[in-house]
A.B. asks: 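My structure is below; once you've seen it, I'll send some questions.
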Amino acid sequence: MTKDEAVSRVCELRNLLDEANKQYYDQAQPVISDRQYDTYMQELMGLEDAYGLHDPASPSRRVGESISEAFTTVEHPRAMLSLANTYNEQELREFDRRVKDLLGSRPFTYFVELKFDGMALRLRYENGVLQLAATRGNGRQGDDITQNVRTLRDIPLKLSTDNWPEIVEVRGEAYMEREAFARFNAQRQENGEAAFANPRNATAGSLKLLDSSLTARRPIRFFCYDLILDQETDSTHLQRMQMLEQWGLRVCSHRWTCQTIEDVLKIIQSLEHTRKDLPYDTDGVVVKVNEDRYREELGYTAKAPKWAIAYKFEAEQATTTIRDITLQVGRLGTITPVAELEPVLLAGTTVKRASLHNQDEITRKDIRIGDRVIIEKAGEIIPQVVQVASPDDPGRSQPYVIPLQCPACQSELVQSPGEVALRCVNPECPPQVRIRIEHFASRDAMDIDGMGEAVIDQLVGANLIHNYADLYKLTVEDLLPLDRMAQKSARNLIHAIQQSKNKPFDRLLFGLGIRFVGSTVARDLADAYSTIDALMQASEDQIADVHGIGVKIAASVRDFMDRPENQRIIEQLRDYGLKLHHEKQEVHSNSLEGCTFVITGTLPSLSRKEAAELIQAHAGSVTGSVSKNTTYVLAGESAGSKLDKAQKLGIKVVSEEDLKSMIS
Ligand code: IVH
């Protein structure tokens with residue numbers, strides 16, 4: 001390679017990496033795989049070294065990424081560095097050699113832990129109380145996302161016991177477990193929202209939401225992987241992890257102390273097989289020199305410590321052909337494009353289909369019918385199309401555009417403003433009817449045992465039912481002609497349907513299948529409105545005022561309730577004797593009758609939920625935002641804008657103690 005060629009390649013690599021960094025951290029949407037990123041980075045660093053092309057602005061000099069403007073920027077007292085990466089045994093042995101060369105004959109051990117695939121966070125506890133949570137940002141400065149992080153249940157707001165130093169700095173990784181991610185993503189798709197490509201993106205996206213009450217509903221977990229002590233100590237990494245555990249922080253139990261690099265390699269080998277059984281994604285292991293006293297001596301590069309290295313597992317990939325792109329219709333009419341693949345073996349299973357998520361994704365990757373594509377298992381479970389294998393092939397078909405017609409009922413598809421997904425809005429669209437009934441009968445809704453896909457298909461096909469209310473008029477005789485339906489199973493099924501009438505109001509509300517109303521929102525709505533009639537009469541603003549509900553959900557509830565076809569179904573459910581009212585928790589007194597509370601900040605002893613229950617038990621109600629209808633604002637520590645607003649509107653602010661004396 002001539003110097004000119006090197007200069008031009010370096011330039012190209014810097015652009016690619018800059019772009020990838022920006023996409024990865026700003027939009028939580030990677031453009032290239034991690035593996036590809038690491039390969040580019042290594043090539044860039046190699047060329048910069050070989051041809052003396054160093055530049056302080058090169059991505060190789062920076063740890064990462066830019067900072068979002070929506071959050072306050074905070075300085076990291078100690079830079080949040082990256083880790084050197086390797087994908088092979090030889091480089092790991094070279095790392096071991098470098099450490100040994102520096103430490104000479106002094107004994108040391110390796111600490112091996114999993115590399116979690118999520119988003120790095122820094123937590124700061126002052127006198128045992130969580131004061132700050134920040135993203136890594138560019139390594140020197142990050143975003144203050146304390147409000148959002150406070151909602152993560154794995155992160156204690158106060159440290160337990162009291163043997164902690166005044167300042168505790170913790171580093172760790174926020175992530176989502178695979179199953180929770182799959183459920184959350186499926187729910188999003190049903191709600192007509194764009195799916196996230198993997199748990200990491202979903203975590204990053206969730207932690208950067210501007211509304212922390214939404215973050216609170218995301219299944220985000222957290223593992224600590226470092227504790228930074230101000231004082232030099234003679235501890236080991238293992239001991240510091242144990243301290244964190246003692247203080248109530250969460251540390252992964254998959255961790256090993258090794259005497260030699262051979263022992264480290266054995267652990268890596270066994271993890272290659274067992275890591276798929278973990279409930280979360282891990283893209284490798286991190287090998288750290290265990291004894292703190294050697295860390296300063298081993299030192300740091302501009303980007304990473306020299307006392308640690310990440311060994312990354314290869315993501316298994318395969319190449320196959322897209323035979324066709326089909327469209328799937330969801331319960332709420334959301335259209336999801338799916339790649340129908342030439343069957344191919346990938347990480348132990350045959351893959352035939354892969355979701356293409358939405359039109360934007362197809363356009364971004366320029367995926368076309370007939371293409372040879374590289375597929376990968378994201379999180380070892382869900383197959384993804386990573387990229388087109390030969391984009392320059394002259395024989396490719398036309399760019400793929402989702403047709404604007406529902407594949408099931410041929411009605412025209414619509415795209416709501418600001419949404420990526422296309423939807424079929426015909427309420428009679430057969431697959432939607434079927435999926436709505438399936439949802440109604442599902443475990444978290446009315447839990448009708450035996451009412452599965454096959455039975456529903458036949459019932460809808462035979463014109464016996466047109467909506468979920470029709471389930472309650474079915475008789476044993478109606479069921480007998482169905483495939484594989486004997487007397488006994490027909491009787492059991494009818495019994496299960498009748499039994500479901502006793503399900504509580506919030507489960508029914510969830511079962512109705514209102515867009516954006518998942519089981520938690522349904523519970524909140526049932527808590528705030530004790531009957532369906534009250535909910536049907538509430539205005540959009542009133543619904544939006546309920547704690548945890550926003551304008552988007554409120555508009556969707558109103559839209560559902562305003563449709564005559566839904567009103568008819570609700571009347572039928574009432575006639576069949578279903579529970580259209582909330583069996584409220586016991587009311588202990590009426591002392592707060594007519595009072596509307598808004599709760600803000602951290603209360604000294606009660607969680608917000610407990611405070612809300614206490615208020616409701618004394619006949620008061622709780623809403624989410626301060627308005628002229630608010631009677632009291634119950635404020636705790638670090639109360640924010642709601643407190644300001646209350647003061648502006650002249651609304652009385654009370655403490656937890658005041659509340660307790662009001663009801664006693
Ligand atoms: S230690 C100074 N340990 O990997 C080095 N990092 O590539 C501190 N990560 O930003 C990192 N699991 O987000 C460490 N067990 C682990 C980790 C881990 C995941 C992430 C972390 C960091 C990135 C570096």
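Order of appearance sets the numbers: ligands from 1, and atoms from 1 within every ligand.
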A.B. asks: Is there a nitrogen or oxygen of F116 sitting under 3.5 Å from a nitrogen or oxygen of ligand 1?
C.D. replies: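 There is such a contact, yes.
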
A.B. asks: Using ring centroids (six-membered ring only for Trp), state whether F223 and Y280 fall under 6.0 Å.
C.D. replies: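 When the ring centroids of Y280 and F223 are compared, they turn out to be within the sub-6.0 Å range.
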
A.B. asks: Please compare T282, L83, I228 and report which has the shortest non-hydrogen distance to atom 24 (C) of ligand 1.
C.D. replies: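 Nearest heavy atom to atom 24 (C) of ligand 1 lies in L83.
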
A.B. asks: Please state whether the rings of W256 and H254 are parallel, tilted or perpendicular, taking 30° and 60° as the class boundaries.
C.D. replies: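 Taking H254 first and then W256, their aromatic rings sit tilted (interplane angle of 30° to 60°).
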
A.B. asks: Check the pair E126, R124 against salt bridge (charged side-chain N to carboxylate O under 4.0 Å, His left out), reporting the backbone distance first and the verdict last.
C.D. replies: CA-CA 7 Å; E126 291 175 14; R124 182 180 175 86; 2.9 Å; yes

A.B. asks: Over 60° means perpendicular and under 30° means parallel, so classify the ring planes of F116 and Y225, tilted if in between.
C.D. replies: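 Plane angle under 30°, so parallel.
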
A.B. asks: Which one of R171, K288, R295 has a non-hydrogen atom at the shortest distance from atom 1 (S) of ligand 1?
C.D. replies: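 Residue with the shortest heavy-atom distance to the ligand atom: K288.
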
A.B. asks: Within the 4.0 Å heavy-atom shell around E113, which atoms of ligand 1 are there?
C.D. replies: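 Selected atoms, number and element: 3 (N), 15 (N), 16 (C).
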
A.B. asks: What part of Y225 sits under 4.0 Å from ligand 1 if we count only heavy atoms: the side chain, the backbone, both or neither?
C.D. replies: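 The answer is the side chain of Y225.
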
A.B. asks: Any idea which part of K115 is under 4.0 Å from ligand 1, heavy-atom wise: side chain, backbone, both or neither?
C.D. replies: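 Both the backbone and the side chain of K115 come within reach of ligand 1.
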
A.B. asks: Just to confirm my output: which protein heavy-atom neighbour is closest to atom 10 (O) of ligand 1, and how far is it?
C.D. replies: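 Minimum-distance protein heavy atom for atom 10 (O) of ligand 1 reads R136 NH1, 3.1 Å.
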
A.B. asks: Indicate the ring-plane relationship of Y300 and W307, choosing parallel, tilted or perpendicular according to the 30° and 60° boundaries.
C.D. replies: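 Because their plane-to-plane angle is over 60°, the rings of Y300 and W307 count as perpendicular.
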
A.B. asks: Got a salt bridge between D143 and K208, using NZ or NE/NH1/NH2 to carboxylate O under 4.0 Å?
C.D. replies: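 A salt bridge links D143 with K208.
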
A.B. asks: Output the list of atoms in ligand 1 that are nearer than 4.0 Å to some heavy atom of V286, sorted by atom number.
C.D. replies: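 Listed by number with element: 3 (N), 15 (N), 16 (C), 17 (C).
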
A.B. asks: Compute the minimum heavy-atom distance from P305 to ligand 1 and say whether it is under 4.0 Å.
C.D. replies: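 Per 4.0 Å heavy-atom rule, P305 contacts ligand 1.
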
A.B. asks: Below the 3.5 angstrom mark, is there an N/O of L114, backbone or side chain, next to an N/O of ligand 1?
C.D. replies: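 Yes.
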
A.B. asks: Salt bridge or not between E291 and R106? Use side-chain N to carboxylate O under 4.0 Å.
C.D. replies: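 Salt bridge absent between E291 and R106.
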
A.B. asks: Closest heavy-atom contact between R353 and P383?
C.D. replies: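 Nearest heavy atoms, R353 then P383: O-CG, 3.6 Å.
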
A.B. asks: Around atom 20 (C) of ligand 1, find the nearest protein heavy atom and jot down its residue, atom name and distance.
C.D. replies: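 Its nearest protein heavy-atom neighbour is E173 OE1, 3.5 Å.
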
